[in-house]
Number of protein chains: 2
Amino acid sequence: MSKAFHSYKNPSLAVDLVVFGYHDRKLSVLLLNRKEEPFKNSWTLPGGFLQIEECLLQVCNRIMKTKTGLENIYLEQLYSFDEPGRDPRGRVISVAHYALVNPQRFEVVAGNMANDVQWFPVDTVPQLGFDHDQIFGQALQRLKSKILYYPVGFELLDETFTMTELHELYECILGISIDRRNFRRKILDSEYIIATGTKREGLKNRHPDLYRFNKQLKQNNFQLHIPS
Amino acid sequence: MSKAFHSYKNPSLAVDLVVFGYHDRKLSVLLLNRKEEPFKNSWTLPGGFLQIEECLLQVCNRIMKTKTGLENIYLEQLYSFDEPGRDPRGRVISVAHYALVNPQRFEVVAGNMANDVQWFPVDTVPQLGFDHDQIFGQALQRLKSKILYYPVGFELLDETFTMTELHELYECILGISIDRRNFRRKILDSEYIIATGTKREGLKNRHPDLYRFNKQLKQNNFQLHIPS
DNA sequence: GCAAAAGTGTTGAATTTACACCCATGG
DNA sequence: CCATGGGTGTAAATTCAACACTTTTGC
């Protein structure tokens, strides 16, 4: 290594996670109640520091597992936050990521660093510690944009789902109402989903068709238009 | 500070810049020829390490100035790259940014760290050192997507410009041909540009109207559709 | 047979595309 | 007066938006 390479002091590098889940027809985010200062007893995003040998996705997965008990979930890098005062303990740069989880399939567990772990519907999120309000807002914005042209929503549903469930998910995330029939046509034309040939049983009304996400999708031919 | 806060060794934090310029009807990128190992005499993106007290945009601006002589240019964060082997000197995580420059308005100068600084048309970029091929590719992709819904292209042109110049810029960046008349209508309807009322003089044909970017733009009402 | 949710199709409106003519300028 | 590039409009095709009836099921 060159001498110059060592002559820099480095800020701490962290990761913060915006974990979205869809539960009871509500989009929620997973928050931790901190057991220690700073922001003791405040709600914050799960996060943690990077060890020298780890890569970012590894850190994310480690934090997921140890702080919330979740494993094997959809993760995407969001943005790096570097405001000098963002962490009162010192200079910390955080590479924020967001994750999409189907909460039915996982049980969340508070790790020993937190008093509590809880899902908050996105419209009832309390004020968060650090700059996590900003990170959360940006993640929500990203999710809203991305769902319009990429089938990211399927991560939030079960393996198979009905058209109505997918429709409600879109309305919930975007916060608008979308014509049921136009939505169906749009989604089916895009070939993002495939009918399984089976129907959901045990409902008191007509049994709806079940679909699954088409993983062998060649390309993005989906663009949902939202009325302004 | 808590004890835990100090117990992490931190990787070096760097910034790499993909500087785009538009010159002679070509989209170009600014590359540095390295004077030192690693990748001595190879072309790379300009980049540098973050000092403990700097924020990311400050680093970008410092590198711009010292390595290329450019100041006061459009900058946007792209992505953080963290492959463990990406820098042979050790563990370096790079927060890549991209920049848009009007090369007419600036003279590029090689800093004392580089043999040479040069604009390369994006379709003739040589193989780059580090993982800079990947960073460059991702930046180009981002620029192509962004120009479809955000008036980012104006940073590459002069303060005032003709419709034809803007049209050619779009065709060049997207690598497609766009109907001149439909493009004009789309752009004018979006109110992204304002006619200055003056015309470009001194041409041998009809004098075209000059426009400027509308900086008091309320919202994004622009969406360029590209035929698939 | 009735209430509740799911499946299906059509029509008018808006947008996009394709395309051609006239105008201003310099030589 | 002519060659070159710049300005403008219209008609057809496509896509989007709005909307209503029929089917299946459990009770």
Side-chain angles (χ1 to χ4, degrees), chain A residues 24-25 147-149 153 157-158 160-172 174-212 219-228, chain B residues 24-25 147-149 153 157-158 160-172 174-212 219-228:
Chain A
D24 293 331
R25 299 183 179 179
I147 204 173
L148 295 177
Y149 64 90
L157 297 174
D158 290 340
T160 63
F161 48 86
T162 66
M163 187 61 78
T164 300
E165 287 163 358
L166 186 62
H167 178 229
E168 283 175 342
L169 174 66
Y170 269 74
E171 291 193 327
C172 169
L174 295 170
I176 57 171
S177 80
I178 305 170
D179 184 272
R180 187 169 67 88
R181 294 150 290 187
N182 294 337
F183 178 80
R184 160 185 289 268
R185 182 181 17 253
K186 202 80 198 236
I187 292 283
L188 288 176
D189 287 352
S190 77
E191 298 181 340
Y192 271 172
I193 64 177
I194 305 171
T196 62
T198 58
K199 290 172 188 296
R200 170 150 299 161
E201 307 290 337
L203 300 178
K204 61 172 192 276
N205 301 318
R206 181 172 181 169
H207 295 173
D209 295 342
L210 284 169
Y211 297 89
R212 74 173 69 250
Q219 72 198 7
N220 271 24
N221 44 356
F222 176 56
Q223 174 67 52
L224 190 66
H225 290 261
I226 51 171
S228 54
Chain B
D24 294 331
R25 298 182 179 180
I147 204 173
L148 295 177
Y149 65 89
L157 297 173
D158 290 341
T160 63
F161 48 85
T162 67
M163 186 62 76
T164 301
E165 286 163 357
L166 186 62
H167 179 228
E168 284 175 341
L169 173 67
Y170 270 74
E171 290 193 326
C172 169
L174 295 170
I176 59 172
S177 81
I178 304 170
D179 184 272
R180 187 169 67 88
R181 292 151 290 187
N182 294 337
F183 178 80
R184 160 187 290 267
R185 179 177 23 249
K186 201 81 198 234
I187 292 283
L188 288 176
D189 287 354
S190 78
E191 298 181 339
Y192 272 172
I193 63 177
I194 304 170
T196 63
T198 58
K199 290 169 188 293
R200 170 148 299 160
E201 308 288 337
L203 301 177
K204 61 174 192 279
N205 300 319
R206 181 171 181 170
H207 295 174
D209 295 343
L210 284 169
Y211 297 90
R212 74 174 68 251
Q219 71 199 8
N220 269 24
N221 45 356
F222 176 56
Q223 175 68 50
L224 191 64
H225 290 262
I226 51 172
S228 53

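It should be emphasised that the depicted structure is a prediction, and the values quoted were computed from it without experimental measurement. By convention in this document, chain letters (A, B, ...) are assigned in the order of the sequence lines, proteins followed by strands, and residues within each chain are numbered from 1.
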> Under 4.0 angstrom, heavy atoms only, what part of the nucleic acid is B/D179 near: base, sugar-phosphate, or nothing?
Replying inline: base
> Across the strands shown, which category fits A/T164 at heavy-atom distances under 4.0 angstrom: base, sugar-phosphate, nothing?
Replying inline: sugar-phosphate
Quick one: is [X] getting a side-chain N or O under 4.0 Å of the [N] phosphate, OP1 or OP2?
| X | N | value |
| --- | --- | --- |
| B/R206 | D/dG7 | no |
| A/K186 | D/dC16 | yes |
| A/H207 | D/dT24 | no |

Length of the line joining [X]:[atom1] and [N]:[atom2], which is rounded to integer Å:
| X | N | atom1 | atom2 | answer |
| --- | --- | --- | --- | --- |
| B/F183 | D/dT8 | CZ | C1' | 17 Å |
| B/L203 | D/dG7 | CG | P | 11 Å |
| A/D189 | D/dC16 | CG | C1' | 12 Å |
| A/H225 | D/dC16 | NE2 | C1' | 8 Å |
| B/I226 | C/dT17 | CD1 | P | 10 Å |
| B/L224 | C/dT16 | CG | C1' | 11 Å |
| A/D209 | D/dT25 | CG | P | 11 Å |
| A/K204 | D/dG26 | NZ | C1' | 9 Å |

> Are A/T164 and A/T162 linked by a side-chain donor-acceptor pair shorter than 3.5 Å?
Replying inline: no
>> Judged by each residue's nearest nucleotide on DNA chain D, which is more toward the 5′ side, B/T162 or B/R185?
In response: B/T162
>> Which is more 5' along DNA chain D, the nucleotide nearest A/R180 or the one nearest A/G202? Just name the residue.
In response: A/R180
> Out of curiosity, A/R180 CZ to A/E171 CD, how far, rounded to the nearest 0.5 Å?
Replying inline: 10.5 Å
>> How long is the straight-line distance from CZ of A/F183 back to CG of A/L166, given to the nearest 0.5 Å?
In response: 4.0 Å
>> Suppose we call a contact any N or O donor and acceptor under 3.5 Å apart; does that hold for the side chain of A/R181 and the base of D/dA20?
In response: yes
>> Should the side chain of A/N182 and the base of D/dA18 be counted as holding a donor-acceptor pair, with the cut-off at 3.5 Å?
In response: yes
> Where do A/P208 and A/L203 come nearest, in terms of heavy atoms and distance?
Replying inline: CD-CD1, 3.6 Å
>> Does A/F222 form a side chain to side chain contact (heavy atoms under 4.5 Å, CB included) with A/I187? I'd like the steps, not just the answer.
In response: CA-CA 7 Å; A/F222 176 56; A/I187 292 283; 3.9 Å; yes
